[in-house]
Asker: 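Got a structure for you, written out below as C-alpha cells; questions coming shortly.
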2 protein chains.
Amino acid sequence: MKIENTKAQMRKGVLEYCILSILKERDSYVAEILENLKTAQLIVVEGTIYPLLNRLKNADLLTYRWEESTGGPPRKYYILTTKGAVFLEELASTWDNLQKAVNTITNKNNSHE
Amino acid sequence: MKIENTKAQMRKGVLEYCILSILKERDSYVAEILENLKTAQLIVVEGTIYPLLNRLKNADLLTYRWEESTGGPPRKYYILTTKGAVFLEELASTWDNLQKAVNTITNKNNSHE
DNA sequence: TTTACTACCTTGTATTGCAAACTACTATCT
DNA sequence: AGATAGTAGTTTGCAATACAAGGTAGTAAA
C-alpha cells in the first residue's frame, strides 16, 4: 500500500471539479488548464486530461472552438456550457460535504491528542 | 455523467484515511466504524469496508482481535499498528495538500464572481 | 528536407467504491 | 427442538478514472 496510490485515488472525481472551475473563469486550451492546475500543486498528465475533457464534452458540460495560435499549431479552447455551470455548483456542494465529513472524522480524532 | 458517480470517485482514497483515524482514537469493530462514518455523513457499505480493511491488514497498517459480545455473535476488533499510525500521518498530509490545491483553484475562481 | 517546438490524442493497466449476494453466531419464539 | 430474528462477518464482479507509455500533426527555423 503506497502513499502514491492513495494520492491518485484521492484525486479521482476531484479533477473534473477543478477543470470546470478553471473554465468558469475563462475559456482555456489544454496547456493553460495544466498550467493552472500545476500552479495550485496539482500536476495532471495528458493521459488523464484528454479522456476527462472528452467525457465532460460528451456529457454536454463543455464545448470547444478552434483558434489559430500566433506561431504554432492551432489550439482547441474549451468552453463551459450552461449545463456545465449548473453541474459545477453540484460538484462544489459535493466537495464541501466531503471535506466536512472527512475533517469531522479526522480532526475530531486529532483533538484528543 | 452523474453526480453520484463523481461522489463515489471523490471518496476513493479518502475512506482509508477516515478508517485509520477512527482506529487511532479507539479499537473498533465494523459496526462501530460504520456508525462513526455515518455520524459524519459518510455512509459506507459492507462491500467497500471489508475489502478495505483486508487491504489495510495485509499492508500491516492494522491488526485485529476477537472479542465475545454480550449477547450476539463474537466481534472482530480492529487495531491500528505502529506502521499504521505512521502511514496515517502521511495520509493527513496528503489530504491537506489536496484540499489546499482544490480550494485554491475553486475558491480563486469563485472570488471573481 | 530535417529538426525542434507546440499541441492534440489514444490505449491498456491498476486500483477501489458499490451492488448484490452470501454464511454464521446467539437469543427468542413457537 | 426447530424456526425466526437480530447481529456480525464476508466475497465477487462491475464500473469508473488516474496514470504510464506511446503516438500523430501543424508551424517555424535551421
Asker: Give one of base, sugar-phosphate or nothing for B:Y78, where a contact means two heavy atoms less than 4.0 Å apart.
Answerer: sugar-phosphate
Asker: Looking at A:R55, I'd like to know whether one of its side-chain N or O atoms comes within less than 4.0 Å of OP1 or OP2 on C:dT10.
Answerer: no
Asker: What's the closest nucleotide to the side chain of A:A31 if the choices are C:dA7, C:dC18, D:dT17?
Answerer: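 Within the option list, the nearest is C:dA7.
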Asker: Under 4.0 angstrom, heavy atoms only, what part of the nucleic acid is B:I49 near: base, sugar-phosphate, or nothing?
Answerer: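 Touches nothing.
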Asker: Take B:T48 and B:G72, find for each the nucleotide of DNA chain D with the closest heavy atom, and name the residue whose nucleotide sits nearer the 5' end.
Answerer: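 Nearest-nucleotide comparison on DNA chain D picks B:G72.
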Asker: Closest nucleotide of DNA chain D for B:N5 versus for A:R11: which of these residues is on the 5' side?
Answerer: B:N5
Asker: OP1 or OP2 of C:dC8 less than 4.0 angstrom from a side-chain nitrogen or oxygen of A:Y50, does that happen here?
Answerer: yes
Asker: Is atom NZ of B:K7 surrounded by more than 12 heavy atoms (other residues, nucleotides or ligands) closer than 6.0 Å?
Answerer: no
Asker: Which of these nucleotides, C:dC8, D:dG26, C:dC18, is closest to any side-chain atom of A:W66?
Answerer: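 Of the options given, the side chain of A:W66 lies nearest C:dC8.
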Asker: So, B:N103 and A:Q99: side-chain donor and acceptor under 3.5 Å apart, yes or no?
Answerer: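 On atom types as modelled, these side chains qualify, holding a pair under 3.5 Å.
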Asker: For C:dC9, does OP1 or OP2 lie under 4.0 Å from any side-chain N or O of A:K76?
Answerer: yes
Asker: Keeping A:E89 on the side-chain end and A:V86 on the backbone end, is there a donor-acceptor pair under 3.5 Å?
Answerer: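 No, because the side chain of A:E89 does not come within donor-acceptor range (under 3.5 Å) of the backbone of A:V86.
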Asker: Picking from C:dT26, D:dC19, C:dG17, which would you name as closest to the side chain of B:A8?
Answerer: C:dG17
Asker: Within the structure shown, what part of the strands sits under 4.0 Å from B:P51 by heavy-atom distance: base, sugar-phosphate, or nothing?
Answerer: base
Asker: What does B:G71 touch in the nucleic acid at a heavy-atom separation under 4.0 angstrom: a base, only the sugar-phosphate, or nothing?
Answerer: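 If one applies the 4.0 Å heavy-atom cut-off, B:G71 turns out to touch the sugar-phosphate alone, with no base involved.
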Asker: Consider the side chain of B:N54, meaning its heavy atoms from C-beta on, and name the nucleotide among C:dA19, D:dT11, C:dC8 that approaches it most closely.
Answerer: D:dT11
Asker: Considering only C:dC9, C:dC18, D:dA18, which nucleotide approaches the side chain of A:E46 most closely?
Answerer: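 Ranking C:dC9, C:dC18, D:dA18 by closest atom to the A:E46 side chain puts C:dC9 first.
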Asker: Could you check which of D:dT17, C:dA7, C:dG17 has an atom nearest any side-chain atom of A:Y29?
Answerer: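 Of D:dT17, C:dA7, C:dG17, C:dA7 is nearest to the side chain of A:Y29.
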